[in-house]
Amino acid sequence: MDLTAYRDLWQTQGVMALLASALIARLPVLATMVPLAFLAKDASGNFGWAGVVAGAYSVGTAVASVVWSRMADRKGARKVVIGTGMAWGVWMAVLALMPYSWYRVLPVAAVLAGVFVAPVTSALRANWPRIVHGSRLRAVYSLDATAQELLFVFGPMLGAIMVSFASPRAGLLACAVTAAAAIWWFGLNQQPGVPHDEEAGPRPTAWQLIFHPHRTPILFAWACLVMGFASMSLGMVAVADEHGNRLIAGILETVAAVGSVTGGVINGALPGGRTSAVWRRMLLLAALVAVCVFVTSSVVALAIAMFAAGCMIAPTVAALYERVGALTPTSAHTEIFGWTQSGGMVGSAVGSAVAGAVVEGFGVRYAWVLTAGLTVLATLSLLRVPPHRPVDTSAVDGAAVAA
């Protein structure tokens, strides 16, 4: 390992401010789902309605994220991020202050709130190639994927704490205020956009951007991977239920997250002097997930297997980020990452639904069978994607200085 990659990132102007502001901006947005669900449950009296409200919010986010990402490439990310972030904060406040007797309106308000979720994630990943080059680009994508894993752990936990010690209304209001301030900060840290090169032809349409010999397999693989993650999450819940202790689900999720963080940190510190193909990482992940199929009867053995599989999650995700960014015109980076995010949300919803039917019909271990099958399918789709080739960092830096 070579930890100088992280030292270089720390010393690169703009990297830490951009990453920190993005993390703080995304944390309250992720934390929102818990108080929103409890608010809907308290207002309506049942969790069924809470599921409807959460689903409406997710639909609004999935549909609008591509629109905002495309607009960010054309109009500038700063205006789009700050504008949507402020609007999202307002809608969260509206949801928090809405009388319980209006609970039937909650899905509509949730859709509108979801529509205005700021494209922080796609804007962040579009910024990296503008300020980081060479082997450091792989390191920053690994750092990004690792930080995202931590957000998925601590975001819902933070929401649960706010609901437990205050109330769902207070939780939503706190998320609205915190996110608005952090998104404003993130918006101010945006790098200038890259203008489209008109000599290279017209700006690609959404159809041209998605349906491409290399980008299409990556987007398909990403959707399969997220479906697999959703299946594993439901499998961990099913294991906990089977053993009669719901705490087991949280422990297994945490173990997998710790494994992902470990793998992400190590991946970012690797020298990166060799050509690497993303399909190899996906195949290794599939093999490690397959091990879980045979150990679901033992919580300890499953935890060990989940840690091992988790060690390949962040490196695989980082490789997908790097490949889709490298194989997309710079002027369309935000949009392609917006499509990635939307595909992930759809994949998560489909994965949870299919995994539920699989577990109910065949048994707990088949949640991991489904995940392994999906990652193998993702591997096959990635076989023809060009591998990552190392870049001479000194040459890139020299060119930047000369420019």
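Bear in mind the structure is a predicted one, so any value in this text is a computation, not a measurement.
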Walk me through whether M232 and M306 qualify under side chain to side chain contact (heavy atoms under 4.5 Å, CB included). CA-CA 10 Å; M232 278 199 303; M306 285 303 304; 3.8 Å; yes
Does the side chain to side chain contact (heavy atoms under 4.5 Å, CB included) test come out yes or no for H388 and E322, once each step is laid out? CA-CA 8 Å; H388 166 80; E322 187 279 329; 3.2 Å; yes
Does V317 form a side chain to side chain contact (heavy atoms under 4.5 Å, CB included) with L225? I'd like the steps, not just the answer. CA-CA 9 Å; V317 171; L225 187 60; 4.1 Å; yes
Carefully, step by step, assess W88 and V29 under the rule side chain to side chain contact (heavy atoms under 4.5 Å, CB included). CA-CA 9 Å; W88 182 85; V29 176; 4.1 Å; yes
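The two residues A176 and M92 have their closest heavy-atom pair at CB-CB, 3.7 Å. Minimum interatomic distance between S342 and V66 (heavy atoms only, all atoms of both residues): OG-CG2, 3.3 Å. Residue G338 comes nearest to S65 through the heavy atom pair O-OG, 3.7 Å, listed as atom of the first residue, atom of the second, then distance. The minimum heavy-atom distance between P119 and V81, with the atom names listed, is CG-CG2, 4.2 Å. The two residues L288 and A308 make their nearest non-hydrogen contact at CD1-O, 3.4 Å. Considering all non-hydrogen atoms of both residues, A318 and N267 come closest at CB-ND2, 4.3 Å.
The distance from atom CE of M86 to atom CH2 of W184, rounded to the nearest 0.5 Å, is 6.5 Å. Annotation: the span from L18 atom CG to N189 atom CG amounts to 6.0 Å, rounded to 0.5 Å. Residue L95 holds its CG atom at 11.5 Å from SG of C175, rounded to the nearest 0.5 Å. Within the model, atoms CG of L97 and CG of L173 stand 5.0 Å from one another, a figure rounded to the nearest 0.5 Å. Interatomic distance, I313 CD1 to T146 OG1, rounded to the nearest 0.5 Å: 11.0 Å. One finds the OG1 atom of T216 at 12.5 Å from the CZ atom of R384 (value rounded to the nearest 0.5 Å).
A side-chain donor-acceptor contact under 3.5 Å links W222 to the backbone of T340. When atom types are taken as modelled, the side chain of T375 and the backbone of A372 share a donor-acceptor pair closer than 3.5 angstrom. Between the side chain of R70 and the backbone N or O of I336 there is no donor-acceptor pair closer than 3.5 Å. At least one donor-acceptor pair under 3.5 Å links the side chain of R215 to the backbone N or O of L209. Q190 places a side-chain N or O within 3.5 Å of a backbone atom of F186 that can act as its donor or acceptor partner. The closest donor-acceptor contact from the side chain of T296 to the backbone of C292 lies at 3.5 Å or more, if one exists at all. Under a 3.5 Å cut-off, the side chain of R78 and the backbone N or O of G187 do form a donor-acceptor pair. The closest donor-acceptor contact from the side chain of T328 to the backbone of G325 lies at 3.5 Å or more, if one exists at all. Looking at S231, its side chain never comes within 3.5 Å of a backbone N or O of G351 through a donor-acceptor pair. Side chain of S381 to main chain of A378: a donor-acceptor pair is present (N/O by atom type, distance under 3.5 Å, no hydrogens or angles).
Counting only heavy atoms from C-beta outward, the side chains of V359 and Y366 never approach each other to under 4.5 Å. Within the 4.5 Å cutoff, the side chain of I161 has no heavy atoms near those of the F154 side chain. Side-chain contact between L377 and F220 is present, with heavy atoms from C-beta onward closer than 4.5 Å. When side chains are defined from C-beta on, V59 does not count as touching V111, because their heavy atoms never get closer than 4.5 Å. The shortest side-chain heavy-atom distance between V117 and T84 does not fall under the 4.5 Å cut-off. In this structure the side chain of T330 never reaches within 4.5 angstrom of the side chain of P129, judged on heavy atoms. Counting heavy atoms from C-beta on, the side chains of T254 and I251 never come closer than 4.5 Å. Residues L19 and W128 form a side-chain contact, since some pair of their non-hydrogen atoms from C-beta on lies under 4.5 Å apart.
Relative ring orientation between W49 and Y103 is described as perpendicular, the plane-to-plane angle rising above 60° on a 0-90° scale split at 30° and 60°. Note: H214 and H212 have perpendicular aromatic rings, judged against thresholds of 30 and 60 degrees for the angle between ring planes.
Under the 3.5 Å distance criterion, with hydrogens and angles disregarded, a donor-acceptor pair is assigned to the side chains of Q148 and Y321. Between S122 and T334, the side chains place no donor N or O within less than 3.5 Å of an acceptor N or O (distance only, hydrogens not considered).
Counting non-hydrogen atoms of neighbouring residues, nucleotides and ligands closer than 6.0 angstrom, the CZ atom of F294 reaches no more than 12 such neighbours. A 6.0 Å sphere centred on CD of Q11 holds more than 12 heavy atoms belonging to other residues, nucleotides or ligands. Other residues, nucleotides and ligands contribute more than 12 heavy atoms inside 6.0 Å of the CH2 atom of W185. Within 6.0 Å of CZ on F229 lie more than 12 heavy atoms contributed by other residues, nucleotides or ligands.
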